[in-house]
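Take a look at the structure below.
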There are 2 protein chains.
Amino acid sequence: MIIDRNSPIPQYFQLQSWLIEQIEQGLFKPHDKIPTEEEITQLTGLARATIRQAIQNLVAMGYLYRKRRLGTFVLSQSADANKNTMVGVLVHDIRSGYAPEFMRGVGDEAARHNFSIILCNTDDLFSRAEFHANQLIHHGVTGLIFMPTAATPGKNLQLIEKFHQKNIPVVLADREIPGNVFDIVTTDNFQGAYDLTCFLLNKGHRRIAITLSTLFSSERARLAGYKQALIDHEIEPASSLQFTIDERFIEKQYEHYAKIILAERKNYTAIIAGNDPIAYILYNTAMEMGIAIPDQLSLAGYDDLTFSSAHPMELTTVHQPIYEMGQESMKLLLQRIHNGAGAPQSIVLKSHLVERRSVQPIKSI
Amino acid sequence: MIIDRNSPIPQYFQLQSWLIEQIEQGLFKPHDKIPTEEEITQLTGLARATIRQAIQNLVAMGYLYRKRRLGTFVLSQSADANKNTMVGVLVHDIRSGYAPEFMRGVGDEAARHNFSIILCNTDDLFSRAEFHANQLIHHGVTGLIFMPTAATPGKNLQLIEKFHQKNIPVVLADREIPGNVFDIVTTDNFQGAYDLTCFLLNKGHRRIAITLSTLFSSERARLAGYKQALIDHEIEPASSLQFTIDERFIEKQYEHYAKIILAERKNYTAIIAGNDPIAYILYNTAMEMGIAIPDQLSLAGYDDLTFSSAHPMELTTVHQPIYEMGQESMKLLLQRIHNGAGAPQSIVLKSHLVERRSVQPIKSI
DNA sequence: ATTGTTTAATTGTCTATACAAATATACAAT
DNA sequence: ATTGTATATTTGTATAGACAATTAAACAAT
């Protein structure tokens with residue numbers, strides 16, 4: 001029987017559910033005519049008004065359409081057409097670093113599947129991220145790509161939870177949330193920094209400094225790779241050569257810090273910058289201080305931003321496959337959107353060294 | 001009387017319209033309780049089922065909400081909540097030139113008004129733009145910010161028409177569509193180039209070359225400004241010093257072209273690049289050819305991209321208020337969304353010269 | 001102070017019935 | 001061949017009435 005008259009579930013609702021089932025199981029196919037109201041009356045014993053209530057709900061939900069004199073029909077893509085093909089992308093600042101390249105990767109992959117992307121700048125502030133999260137949910141996005149903010153893990157989790165509660169899949173990009181496992185696409189920061197450090201060691205450098213921000217998992221992994229490379233070459237990593245900050249990167253402040261770092265340059269022959277923008281600040285500061293790069297000091301970066309290839313310094317750096325990171329993030333997200341949740345996946349993309357001219361070998365070796 | 005029983009308009013529909021009117025005129029205010037079904041029965045003489053039909057439609061439309069035992073109430077933002085707060089932004093390539101800065105300006109202004117932006121990369125191809133246009137309309141955006149593609153005016157118009165047919169306002173950014181008047185936000189390219197050329201003239205330069213692409217109105221205006229400045233200084237603009245291309249800007253091709261341009265450098269003492277990226281290509285090519293800038297040749301750009309301030313060349317260029325262009329585009333769009341169409345507005349933002357060190361005065365003067 | 005019970009108001013569900021409007025189809029008239 | 005007309009079918013609109021479920025508020029019991 002289609003209708004259980006003793007059930008507490010309203011009968012119109014039972015009929016509705018039954019009809020949806022028939023459609024989704026393909027028993028009523030797109031453009032098929034479903035039974036007329038009169039026929040359903042006989043099928044179920046319900047009054048016509050009740051049947052109409054059910055049918056009209058389904059029309060509103062996009063399952064059915066009606067034509068006078070002809071009957072009621074199944075809509076082509078049944079409710080799937082109603083499904084949004086928009087995803088949100090929360091980035092730090094579209095202007096900074098590799099964000100444009102990343103967005104382009106996301107955007108291209110999205111377009112290939114007829115999805116659109118909503119761009120949100122968080123300035124790495126939780127409050128902004130939260131604002132945009134609410135907006136995105138209100139817009140009915142079907143997925144989110146999220147670069148965690150510099151806020152505490154708890155706050156980032158809270159934000160993700162908001163989406164998960166609405167069954168909206170989330171893919172993290174670039175940065176992890178410590179102590180938690182989610183779908184994530186990153187580059188191999190540890191290996192990249194390890195390889196870069198080994199490269200410097202092979203060039204004869206023994207006292208290698210590093211400067212970066214420990215705020216993000218990505219840069220922390222680079223620090224770890226740097227240390228491991230030193231240890232594997234039987235060099236004890238000296239904390240005096242690790243110029244780390246645990247704050248947000250702000251250009252003006254870093255210019256000041258760069259002077260302090262370079263003032264101690266007698267203690268090292270090479271320095272690794274946690275990312276390319278920092279490398280450029282170091283370079284400019286070094287120029288001001290009359291330190292020649294690479295003759296007096298070798299400098300390496302990390303990121304290989306697009307304009308790094310155009311810059312006359314010709315920075316030796318680690319190329320991150322940022323476009324691919326965007327693409328893969330979107331691919332993973334689409335998979336979640338279409339196939340539902342599953343065991344969290346972690347995609348790690350390989351980085352590779354780009355040797356240019358900002359590193360010189362130590363001759364005494 | 002609320003209901004005209006002789007009208008061919010269904011009575012539930014008449015009631016519906018009446019209720020909407022009350023709400024929109026503010027007679028029923030947000031969170032106000034509207035009369036109960038029983039009361040409306042007495043008010044109108046309609047059967048309760050008819051009244052319910054009207055009310056339930058309004059609930060579906062987002063005008064009302066109901067609470068058992070309590071009554072039916074007006075929703076806070078009545079149907080406005082249903083209104084989408086998404087706008088599309090069609091840019092060339094988010095990675096190139098000032099696009100990130102522009103998007104940020106758009107995004108910040110949008111966020112301030114609780115709007116979100118959908119980012120679309122067109123690669124300056126009409127087919128891509130058309131694809132995204134269809135997507136955006138399908139998503140139900142309430143506005144569009146559009147940087148016209150390099151396609152013919154006709155095709156760009158066709159695209160805009162698509163939005164206008166759906167009553168979706170469109171604001172053009174940066175580039176005009178020749179022979180047509182729309183809402184548009186640009187920078188004063190003519191004046192900027194005029195000022196820049198005057199600056200070079202004041203430094204004693206008389207033979208000033210220029211290289212740019214004539215594909216876009218913005219660069220054509222710069223060319224015009226350059227010519228006018230020369231004429232105003234009683235110098236006949238020589239076509240042999242105008243190295244224009246009418247193709248899309250492609251870095252590799254331009255590197256080749258740069259060599260040809262620089263081979264003729266005996267004919268001029270200064271050169272204006274149509275935009276900063278071209279200036280950097282000229283700079284790098286000049287370096288390769290052993291031409292010292294600014295000692296042997298003065299170079300000026302146009303755009304003042306963010307990394308221009310960090311680049312060691314220290315390019316003298318014209319700063320374009322790109323962030324503001326994004327902001328103003330969004331402001332104008334919001335005005336159209338909220339107040340409807342009107343006489344097309346053209347907002348022209350002032351550019352200003354940024355003097356750095358890539359231009360040297362001619363000593364013989 | 002908290003918890004349970006009753007009451008009344010209001011919306012929610014459902015039936016039975018009637019006529020209106022639209023429209024595909026068949027057929028007739030021109 | 002086109003136009004008009006009738007007909008049957010189906011959804012659309014509308015009514016009257018009944019009972020169910022929910023719940024704010026008042027009241028009672030502990």
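Nothing here was measured: the structure is a model prediction, and the numbers come from that model. Side chains are part of it too, since the values below use all heavy atoms of this structure and drop only hydrogens, waters and symmetry mates.
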Grab the [atom1]-[atom2] distance between [X] and [N] for me, whole Å please.
X	N	atom1	atom2	result
A/Ile51	C/dT17	CD1	P	14 Å
B/Asp4	D/dA14	CG	C1'	15 Å
B/Leu64	C/dT10	CG	C1'	15 Å
B/Lys67	D/dA25	NZ	C1'	15 Å
A/Gln53	D/dT11	CD	C1'	17 Å
A/Gln56	D/dT13	CD	P	8 Å
B/Tyr65	C/dG12	OH	P	13 Å

Nucleic acid contacts of residues 37-50 of chain A, taken as heavy-atom distances under 4.0 Å to DNA chain D: A/Glu37, A/Arg48
Between [options], which nucleotide gets closest to the side-chain atoms of [X]?
X	options	answer
A/Arg69	D/dA24, C/dA24, D/dG12	C/dA24
B/Thr36	D/dA24, D/dT9, C/dT11	C/dT11
B/Leu70	C/dT11, D/dA24, D/dT11	D/dA24

Distance below 4.0 Å between B/Arg66 side-chain N/O and C/dT10 OP1 or OP2: no
side-chain N/O B/Arg52 vs C/dG12 OP1/OP2, d < 4.0 Å: yes
Heavy-atom neighbours of A/Glu176 CD exceed 12 at 6.0 Å: no
Salt bridge flag under 4.0 Å for residues B/Asp108 and A/Arg128: no
Check ion pair B/Glu130-B/Lys155 (N to O, under 4.0 angstrom): no
Residue closer to the 5' end of DNA chain C, B/Thr72 versus A/Arg68 (nearest nucleotide): B/Thr72
Close residues, residues 5-15 of chain A, relative to DNA chain C [heavy-atom separation under 4.0 Å]: A/Arg5, A/Pro10, A/Gln11, A/Tyr12
Working for side-chain hydrogen bond (donor to acceptor under 3.5 Å, both in side chains), residues B/Arg66 and B/Thr72: CA-CA 4 Å; B/Arg66 323 193 75 188; B/Thr72 304; 3.1 Å; yes
Any donor-acceptor pair under 3.5 Å from A/Asn180 side chain to A/Pro178 backbone: yes
Distance-only side-chain donor-acceptor flag, B/Ser116 / A/Gln135, under 3.5 Å: yes
Separation of B/Ile55 CD1 from B/Thr50 OG1 (nearest 0.5 Å): 11.0 Å
Aromatic ring pairing B/Phe182/B/His164, orientation class (parallel under 30°, perpendicular over 60°, tilted between): tilted
Plane angle bin for A/Phe216 and A/His92 - parallel if under 30°, tilted between 30 and 60°, otherwise perpendicular: tilted
